[in-house]
Each structure stands twice: as C-alpha cells, then as structure tokens.
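The structure appears below as structure tokens.
Bear in mind the structure is a predicted one, so any value in this text is a computation, not a measurement.
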Amino acid sequence: MNTLKTLILMALLTGIMVAVGGSFGGTSGATVMLLISLGMNLFSYWFSAPMVLRAYGAQEVTREEAPELYGMVEQLAANAHLPMPKLCIINSDVPNAFATGRNPSHAAVAVTTGIMRVLDYNELSGVLGHELTHVKNRDILISTIAAAMAGVISWIANIAQWAAIFGVGRSDDDEEGGGLLGSLVTIIIAPIAAFLIQMAISRSREYAADKGGGEVCGNPEYLASALAKIDYYAKHAQPLPDATPATAHMFIVNPLEGVGSTIMNLFSTHPATEDRIARLHAQAQARR
C-alpha cells in the first residue's frame, strides 16, 4: 500500500508538470513539460548519487580504514538481504546520515564524523538500518525525482509570474493556454500542490524506513534513542555545512530543522521526530 501510494503521488506530480506546461504554453507546453519530466527521471536515475556525494565531500572508506563501521554495515546489509553498499564518511561535527543510489546494487551510505562520535554502537546500528531500508525500498531515487520535479514547477511558476507582470506571453482570450485562470494555476496553485505532494512522498518513506530500520538492527529502541540525539543537535547546533532544501529530504533528520521560522519547520519533508520516536516505541512494545 505504501508503494502504491508513492506511485500515485509521483503520477500526480508528473500530471501537475504537464498541466503547468499546458496552462503556460498550450499543447506544446504540455508536451515540453512531459519530455522534461522524462528527462529528469533518467538524469536522476543515473547521476543523482555521485552528485550528492561530491556535494557533501563524502569520502569512500574501506574495511581496513574503518573496520568497526564497515563490519556493522556489512552485518546490517546481510540482515536486510542487501549487497554491501559503498560506505562513505563526511568530515562534519554535525551528527547526521543519508543513503543514496538508484538501486541496491549501486547504493552508498554516508555518515558524518559527528554521528560516529555522538551515538553509541547500538544507536548507530539503528541509523544505518534505517538508511539501508531506504536503499532496499529505492526511496532515495523516488525522493530525488520528486524534489527535482517540484523544483522545476516552482521555477516555471516564477517565470510565469514575471511574464504576467511584464505582459509577456499568451493573451487572456487564448483558450489553449488557459488565459488568466491558467496563469493563476501556474503561479500559485501548482507550486503549492507540488510541494505538498513532495512532502507527502518524503514523510511516508521516512516512516517506512524507521519501521524497517528497527527490524534490521534488531531493536527499534536503538533507532528511537538515536533520533532523539540527532534531533537535539539539528535544533540547537549549527546546521550541516552545504545542506540545501534540495537535498535535505535525504538525511535521517532534516539538517535544516533549526533554520528559519517555526511555521516553515511545520512544512518539513520529515515527520516530527517526536512522532517517529513514538511509533518506534510502539513497534518495540509490540515486539516484546
């Protein structure tokens, strides 16, 4: 059901892109946006993982360089019936982690030096179990494509806004372009709808990864304890360097959670950490 829900949301997001193209440029605009959507999906499939790893300065490590961490990931991957992913370390004091890759055979898990310092062995196993569940469910590719689509829709909305201000584009009586109504949809409604759909996709995948992570590491309480610590640092310490809204959805806890107003934080791509912890406690109780 969770996979079906995600597919439906992705289809809605693609539909919004096509509708935006249609309202802004008629049939030609809709066709162009459909082609852009397909092109972005292909680009994200092949190139998103190495781009993100480079952006955060993640360095791949071997068993010899990080034997304990490597052994932990290897055991957890075996528990999840996954091949061993690439293991990367980010030199940052901010505790956080993410996974990337188009499929389990081309995956990478990255942790910061800060998370290795702050969490104990069991807590770190919970975090890595969460990330490996993302890999198993192919969540990162889905979330990356959703974020890219939402970004393009917002970009088109900005263009439409400036075109309307300066009187550039189709006239209101042009039925194919949608006129004034089409412009309003493009400028106001479409970006909001795209953002809400992206947020719904990301949040549903986080809950699923928490549940799977609790199973992979053997005790949901490990992950619950880790989330509490990471969330504290996200809210009270400096944000992760180079973190951007375009990639914030990839991390186990939103690295920008402490940035901006409380109202903006309500629209985070991550569920409230308190809710995630409560679900993990309930999962642990059910196991007992």
Side-chain angles (χ1 to χ4, degrees), residues 1-10 72-85 87 95-104 107-111 115 118-147 196-232 234 248-255 257 266 268-288:
M1 288 302 297
N2 198 33
T3 301
L4 177 61
K5 175 183 175 182
T6 301
L7 290 174
I8 292 173
L9 291 170
M10 290 294 293
M72 179 191 296
V73 175
E74 191 173 44
Q75 181 59 58
L76 291 169
N79 293 349
H81 307 290
L82 290 170
M84 177 67 187
L87 178 59
N96 222 316
F98 69 84
T100 186
R102 61 182 184 268
N103 58 45
V109 174
V111 297
I115 202 172
V118 169
L119 303 186
D120 64 28
Y121 185 93
N122 289 334
E123 291 167 340
L124 187 57
S125 72
V127 168
L128 291 168
H130 170 101
E131 298 305 334
L132 288 171
T133 302
H134 275 313
V135 171
K136 188 172 185 176
N137 294 340
R138 292 173 169 78
D139 290 340
I140 303 303
L141 178 63
I142 293 171
S143 298
T144 300
I145 292 173
L196 291 175
I197 290 173
Q198 180 201 352
M199 185 174 64
I201 291 173
S202 181
R203 290 189 174 191
S204 66
R205 306 320 295 178
E206 287 301 320
Y207 281 132
D210 284 344
K211 184 176 185 296
E215 295 170 353
V216 169
C217 74
N219 189 341
E221 297 287 2
Y222 297 164
L223 180 55
S225 178
L227 287 175
K229 288 184 179 180
I230 299 170
D231 185 65
Y232 175 84
H249 65 279
M250 299 180 63
F251 289 85
I252 188 167
V253 169
N254 187 350
E257 189 166 350
L266 292 175
S268 170
T269 52
H270 290 64
T273 304
E274 294 78 9
D275 292 342
R276 298 170 66 183
I277 292 174
R279 289 192 180 205
L280 287 165
H281 287 324
Q283 182 183 351
Q285 182 63 34
R287 286 169 63 91
R288 289 193 289 268

Reported NE2-to-CG distance for the pair His130 and Asp139, which is rounded to 0.5 angstrom: 8.5 Å
Determine yes or no for a side-chain-to-main-chain donor-acceptor pair under 3.5 angstrom, with Glu131 supplying the side chain and Ala99 the backbone. yes
I need the minimum non-hydrogen distance between Lys229 and Val118, along with the two atoms involved. NZ-O, 3.7 Å
Applying ring-ring contact (aromatic ring centres under 6.0 Å, His included), can you list everything that pairs with Tyr232, at least two apart in sequence or on another chain? His236
Between CG of Leu82 and CE of Met84, what distance do you get to the nearest 0.5 Å? 11.0 Å
Just verifying a value: how many Å separate Leu227 CG and Thr273 OG1, rounded to the nearest 0.5 Å? 6.5 Å
SG (Cys217) and CG (Leu76) are apart, to the nearest 0.5 Å, by 7.5 Å
Of all the heavy-atom pairs spanning Ala77 and Leu132, show the shortest one and how long it is. N-CD1, 3.6 Å
Please report the interatomic distance CG(Leu119) to OG(Ser225), rounded to the nearest 0.5 Å. 7.5 Å
Asp120: which residues meet the side chain to side chain donor-acceptor pair (under 3.5 Å) condition with it, sequence neighbours left out? none
Of all heavy-atom pairs between Val127 and Ala97, which one has the smallest distance, and what is that distance? CG1-CB, 3.8 Å
Of all residues at least two apart in sequence or in a different chain, which pass the side chain to side chain donor-acceptor pair (under 3.5 Å) check with Gln283? none
Where Ala208 and Asn137 come nearest, the two heavy atoms and their spacing: CB-ND2, 4.5 Å
Among Val253, Leu128, Leu124, Asn96, which one satisfies side chain to side chain contact (heavy atoms under 4.5 Å, CB included) with Ile115? Leu124
Write down the atom of Val216, the atom of Gly129, and the distance for their closest heavy-atom approach. CG1-CA, 4.0 Å
Side chain to side chain donor-acceptor pair (under 3.5 Å) partners for Lys136, two or more places apart: none
ring-ring contact (aromatic ring centres under 6.0 Å, His included) filter on Phe98, not counting sequence neighbours, yields Tyr56, Phe251
Start with the C-alpha distance between Ile252 and Leu223, add both sets of side-chain angles, then the distance that settles side chain to side chain contact (heavy atoms under 4.5 Å, CB included), and finish with yes or no. CA-CA 10 Å; Ile252 188 167; Leu223 180 55; 3.9 Å; yes
Gly218 backbone acceptor or donor facing Arg287 side chain under 3.5 Å: yes
Pair Arg138, Asn103 - check side chain to side chain contact (heavy atoms under 4.5 Å, CB included), show working. CA-CA 6 Å; Arg138 292 173 169 78; Asn103 58 45; 4.0 Å; yes
If you compare all heavy atoms of Asn254 against all heavy atoms of Ala234, which two are closest, and at what distance to 0.1 Å? O-CB, 4.0 Å
Here the gap from Met250 atom CE to His270 atom NE2, rounded to the nearest 0.5 Å, amounts to 10.0 Å
By side chain to side chain donor-acceptor pair (under 3.5 Å) - contacts of Asn219 (at least two apart): none
Checking Thr133 side chain against Gly213 main chain: does a donor-acceptor pair fall under 3.5 Å? yes
